[in-house]
Amino acid sequence: MRVAVTGGAGFIGYHLVTGLLARGDEVSVIDDFSTGLRSRLARVGNRIALTEGSILDAASLDEAVAGCEVIFHEAAIASVARSLVAPRQTNEVNVSGTIEVMLAAARHGVRRVVFAGSSAVYGIPEELPCRESQRPAPVSPYGVSKLAAEHYLHAIGVARGVETVSLRYFNVFGPGQDPASDYAAVIPRFTAAVLDGRRPVINGAGEISRDYIHVDDVVAANLLASRASSPSGLTCNIASGSRRSLVELLQAICSAAGREVEPIIGPPRPGDILHSAADVSVAREALGYRAAIPFAEGITKTVAWYQQQAAPQGW
Ligand SMILES: NC(=O)c1ccc[n+]([C@@H]2O[C@H](COP(=O)([O-])OP(=O)(O)OC[C@H]3O[C@@H](n4cnc5c(N)ncnc54)[C@H](O)[C@@H]3O)[C@@H](O)[C@H]2O)c1
């Protein structure tokens with residue numbers, strides 16, 4: 001089938017593109033390379049059709065989605081920290097951009113849009129694990145934008161006859177996540193520090209915990225969600241179903257790297273929540289989703305990937 005991936009040069013988008021090509025799909029990518037990396041797409045070469053442009057530009061979207069059956073909508077400003085500095089821009093890309101993607105889907109008779117939602121919609125969860133039935137209460141502009149985007153996704157989908165699925169990813173990790181960006185996620189930051197012999201900074205308390213999910217499991221969830229037999233209008237958590245503290249995470253990285261480091265305890269980051277973990281039963285029942293990669297194995301593979309890179313900072 002012919003499919004489009006918005007944000008296909010991003011960390012998750014690139015893995016998804018690779019998974020879709022492996023499934024035999026024809027893949028079109030739209031990306032403005034604001035955080036996406038050309039080096040990632042160079043690896044798939046001329047096997048994709050690339051539109052270099054913004055999802056805020058209808059003509060670029062028309063070019064990217066024409067003839068597609070499914071759109072995987074990954075493009076976003078994907079950082080809580082950046083959303084606090086740039087809330088208007090976050091709203092523009094994440095909310096208006098999603099509206100544009102849905103309108104383009106309707107214009108081109110796209111069957112389904114699968115959206116990259118986020119655990120950030122839960123804010124500070126009143127109880128754990130987070131369930132989709134809980135009242136969302138995001139505490140960052142990023143979380144608000146992802147929640148608003150979800151609502152627009154489903155509302156425009158119903159109004160214009162486009163099927164929709166929102167996958168609320170928890171903390172995604174794996175090979176190729178950029179450790180060099182100003183808003184790098186914790187696993188590439190810790191891994192780069194451990195491999196470079198630097199002391200990683202743990203912001204806030206070491207017991208801060210997250211539900212970490214390997215990117216291959218996120219790709220698998222997207223493939224399941226794109227099937228014609230999967231329910232439309234669904235919103236579900238995509239996670240491992242268990243949580244690890246930052247201290248446990250650093251220990252796992254050190255053990256995979258065969259090194260010992262003493263972290264520096266830094267100040268808490270604004271917008272950070274203390275604990276997060278998901279109930280994944282909705283995704284299991286509705287999509288047949290199951291996280292297949294155990295945490296320790298995922299960390300070992302990820303650290304091995306960074307070790308193999310001659311210049312990890314190049315990502
Ligand atoms: N990484 C995670 O742990 C995580 C967790 C929850 C949700 N998500 C969501 O998953 C998606 C992918 O996240 P990621 O970690 O791969 O981030 P990323 O920053 O690596 O990827 C985002 C991609 O979108 C592109 N992009 C941004 N604005 C654009 C625009 N206006 N037009 C076209 N392209 C644009 C960027 O260039 C980049 O390639 C995002 O929607 C994010 O909110 C990620």
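Just so it is clear, the model here is predicted, and its values are computed rather than measured. Counting convention: from 1, in listed order, for ligands and their atoms alike.
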[atom] [closest protein heavy-atom partner, distance rounded to 0.1 Å]:
atom                    : value
atom 17 (O) of ligand 1 : Ala78 CB, 3.5 Å
atom 26 (N) of ligand 1 : Asp32 OD1, 3.4 Å
atom 43 (O) of ligand 1 : Tyr142 OH, 2.6 Å

Looking at ligand 1, does any of its N/O atoms fall within less than 3.5 Å of an N/O of Gly36?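 By distance alone, the answer is yes.
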Side-chain ion pair, Glu297 and Lys301, N-O less than 4.0 Å: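 Yes, Glu297 and Lys301 are salt-bridged.
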4.0 Å heavy-atom contact, [X] with ligand 1:
X      : value
Asp31  : yes
Leu56  : no
Phe170 : yes
Ser34  : yes
Ala9   : yes
Ala120 : no

Hey, is Lys146 touching ligand 1 through its side chain, its backbone, both or neither, going by heavy atoms under 4.0 Å?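 Under 4.0 Å from ligand 1, Lys146 contributes side-chain atoms alone.
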What do we get for Phe173 next to ligand 1 when only non-hydrogen atoms under 4.0 Å count, side chain, backbone, both or neither?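 Phe173 to ligand 1: no contact under 4.0 Å from either part.
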Per-atom contacts, ligand 1 versus Gly53 - under 4.0 Å to a heavy atom: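 So the answer, numbered in order with elements, is 32 (N), 33 (C).
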Report the C-alpha distance between Glu52 and Asp31 in whole Å, list the side-chain angles of each, state the deciding distance to 0.1 Å, and finish with yes or no for side-chain contact (heavy atoms from CB on, under 4.5 Å). CA-CA 5 Å; Glu52 182 165 349; Asp31 204 297; over 6 Å; no
On the 0 to 90° scale, with breaks at 30° and 60°, tag the Tyr212-Phe173 ring pair as parallel, tilted or perpendicular.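 Tyr212 vs Phe173 ring planes: perpendicular.
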